[in-house]
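All values derive from a computational prediction rather than experimental measurement. Here, residue 1 is the first one in the sequence, and each next residue gets the next number.
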Amino acid sequence: MGINIKIRKDNLYKEHVYIIGVYISGNKLENDLSPYSLEFILKNNVNVYKFKKKTLFNKVVDADVLKYSYKGRCCLKNINTYYENIKLNLKKHTIEDFAIEIKCRDRKEKSIFQIQTKCIVNEESWVQKRKENGDFFICSDKQLLCRVVPTYTIVKKRLDGIFQRKIPSIKVYISSSYDIMYDILNKLPAPGADAFANDNCIFIISEFGKIKKSKICHELCHIFINNQIKGKSLIDIKLVEGVCECISEQFILEEGTISLRKKCAIAFDVLNINTCNILLKELDNIKKNSDTYSLVTYNIVPYIVKMIINQIGLDGLLNRIRKNKTLKEVITNTFNGFEKFWTILQESLMEEINVREYNELYAQIIMKQYENIMEDISQDAYSKLKIKFKNIYELLNKEEYILVKKELTEF
């Protein structure tokens, strides 16, 4: 079990407000051994402050289920970084004047860990605000704002042309980490989500200082579609995700990443043709937490949506979404039956090459992750390895196979 403490100053407030974050990294916490209470004791020469918080450490800011499963080979390892925090308003005091002691206990009040350290502010959050063309930007990093606004403006202007309607004014929060985003939301997105939309807000995680136009585009599409279908509760989420990813393809290709058709072909190679046939026939029944949900929703469905738009246009598809049509219903109606659609899809995917090489390299990367990320890894070491592997995946998705092989041999 690796334990880290980080303190940051929260600039959303005028007074001295600090976030003390506690991170536990390593294997998945078992219920009977998991932390249940945190006690924070701040001391200086004059004052002593005590704060206690019950917690299950169920906020995961990093997670890798390292499941190596390909062509009959399978192994599994869970790596998580759990997060809990407390927000302190010290009013006129600065936290650097204090020393801190943190005690963590389980449900039976048995000590799990105890830490004593000086209070050092690691970072400041939400330091930059700016209004631009009706949109309001709030950044956790001074350098992020100048990168985000021009990129965001380009994407939104292009989308206004695609939809032929104005996307409403929104708030855009840009953070360098998930835990800083928690200050705003009081909840965390799914680990690995670089960006997400909530009401008329977009939240962007820029862990490595990069803001992709395709990610901004995807979330702006969610904002637009959500405003088009207000009050409707039976929307097919897979269909909406497919539309957002399909419209983002123009930026995906500009970034040098593989096309929607190739992503679909790769997924078909992983799952095999017969499995894909069964899954697409049962689209309405795929459970969100199933092993195949993400692969179908984000790799296969976007290309299917592109095929549909080529037939009935974007407005035609949006009208069907407003009428609560499911993806399966739209496929059947657009192509005059599933079998005809299936034939067209298969013929289209046969044109893709190097699919097998992609999947073989993908499997090698997963195996390297499994070998190099230990279950008791510290958060800092985990973050460094994540950056390295994220860069390798970027190379893979740009089909830089020679560079991928070179990176893998250097482990």
Side-chain angles (χ1 to χ4, degrees), residues 162-164 214 217-218 221-222 224-226 228-229 232-253 257-356 358-359 362 397 399:
I162 291 171
F163 289 124
Q164 297 183 341
S214 57
C217 178
H218 185 104
C221 288
H222 272 298
F224 176 82
I225 293 172
N226 288 343
Q228 294 289 305
I229 58 173
K232 297 184 183 294
S233 59
L234 300 175
I235 301 302
D236 188 334
I237 300 300
K238 293 185 291 297
L239 180 53
V240 173
E241 290 291 349
V243 172
C244 295
E245 194 67 5
C246 178
I247 294 172
S248 302
E249 187 185 28
Q250 57 183 295
F251 297 110
I252 291 171
L253 296 176
T257 307
I258 55 177
S259 67
L260 297 184
R261 185 170 71 177
K262 174 145 276 185
K263 282 181 73 174
C264 186
I266 287 165
F268 265 57
D269 182 63
V270 171
L271 295 170
N272 79 52
I273 292 289
N274 292 333
T275 302
C276 289
N277 183 280
I278 294 168
L279 285 171
L280 293 180
K281 283 180 178 177
E282 298 295 326
L283 271 172
D284 296 345
N285 299 321
I286 298 176
K287 303 296 183 187
K288 191 166 185 179
N289 294 326
S290 67
D291 291 339
T292 53
Y293 179 86
S294 291
L295 202 57
V296 171
T297 303
Y298 298 102
N299 287 55
I300 296 175
V301 170
Y303 183 60
I304 294 173
V305 167
K306 184 175 181 178
M307 292 170 61
I308 293 168
I309 290 174
N310 287 340
Q311 296 292 318
I312 63 175
L314 178 59
D315 278 342
L317 180 53
L318 291 174
N319 284 333
R320 285 159 176 78
I321 292 175
R322 291 187 196 99
K323 294 176 181 177
N324 289 341
K325 298 294 183 183
T326 66
L327 177 56
K328 188 177 178 182
E329 289 174 325
V330 176
I331 288 171
T332 304
N333 293 335
T334 302
F335 295 96
N336 297 318
F338 179 84
E339 294 306 324
K340 188 175 179 182
F341 154 76
W342 179 249
T343 301
I344 295 170
L345 178 60
Q346 279 187 287
E347 289 174 352
S348 175
L349 296 181
M350 285 175 64
E351 298 176 25
E352 287 296 340
I353 59 173
N354 296 330
V355 169
R356 184 59 50 84
Y358 179 101
N359 279 332
Y362 185 83
N397 286 326
E399 299 185 85

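Counting heavy atoms from C-beta on, the side chains of Leu283 and Val296 come closer than 4.5 Å. Side chains of Ile300 and Cys276 form a contact here, defined as non-hydrogen atoms less than 4.5 Å apart. Taking 4.5 Å as the limit, every side-chain heavy atom of Val330 sits out of range of all side-chain heavy atoms of Asp236. Leu345 has its side chain within reach of Tyr303: a pair of non-hydrogen atoms, C-beta onward, lies under 4.5 Å apart. A heavy-atom distance below 4.5 Å is not found between the side chains of Lys340 and Thr343. For the pair Val240/His222, a side-chain contact is recorded, criterion being any heavy-atom separation below 4.5 Å from C-beta on. By the 4.5 Å heavy-atom criterion applied to side chains, Leu317 and Leu239 are counted as neighbours. Here the side chains of Phe341 and Met307 are in contact, with some heavy-atom distance below 4.5 Å.
How far OH of Tyr358 is from CG of Asn397: 3.5 Å, rounded to the nearest 0.5 Å. Distance check, rounded to the nearest 0.5 Å: CG of Asn299 to CD of Glu245 gives 8.5 Å. Annotation: the span from Gln228 atom CD to Ile321 atom CD1 amounts to 10.0 Å, rounded to 0.5 Å. The line from CD1 of Ile237 to OG1 of Thr326 is 12.5 Å long, rounded to the nearest 0.5 Å. Annotation: the span from Glu249 atom CD to Thr257 atom OG1 amounts to 10.5 Å, rounded to 0.5 Å. To the nearest 0.5 angstrom, Glu339 atom CD is 10.0 Å from Thr332 atom OG1.
Proximity of a side-chain donor or acceptor of Asn277 to a complementary backbone N or O of Ile273 within less than 3.5 Å is not detected. In this structure a side-chain-to-backbone donor-acceptor pair under 3.5 Å is missing from Lys328 to Glu282. A side-chain donor-acceptor contact under 3.5 Å links Ser248 to the backbone of Cys244.
Counting all heavy atoms, side chain and backbone alike, Asn272 lies closest to Asn274 at OD1-N, 3.1 Å.
Residues satisfying the ring pair (Phe, Tyr, Trp, His ring centres under 6.0 Å) criterion with Phe224, sequence neighbours excluded, are Phe163.
A salt bridge links Arg356 to Asp269: one of the charged nitrogens lies within less than 4.0 Å of a carboxylate oxygen.
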Please table the atom pairs, donor to acceptor, closer than 3.5 Å between any side-chain atom in residues 258-266 and protein atoms at least two apart or in another chain.
residue : atom : partner : partner atom : Å
Ser259  : OG   : Lys262  : N            : 3.2
Arg261  : NE   : Glu352  : OE2          : 2.8
Arg261  : NH1  : Glu351  : OE1          : 3.1
Lys262  : NZ   : Ile353  : O            : 2.7
Lys262  : NZ   : Glu399  : OE1          : 2.9
Lys263  : NZ   : Tyr298  : O            : 3.4

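Partner Lys306 forms a side-chain contact (heavy atoms from CB on, under 4.5 Å) with one of Ile309, Ile304, Ile308, Asn310 and no other, that one being Asn310. Screening Leu295, Asn285, Thr292 for a side-chain contact (heavy atoms from CB on, under 4.5 Å) involving Leu279 leaves a single residue, Thr292.
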message: side chain to side chain contact (heavy atoms under 4.5 Å, CB included), that's the test. Do Ile247 and Leu314 meet it? Break it down for me.
response: CA-CA 9 Å; Ile247 294 172; Leu314 178 59; 4.0 Å; yes

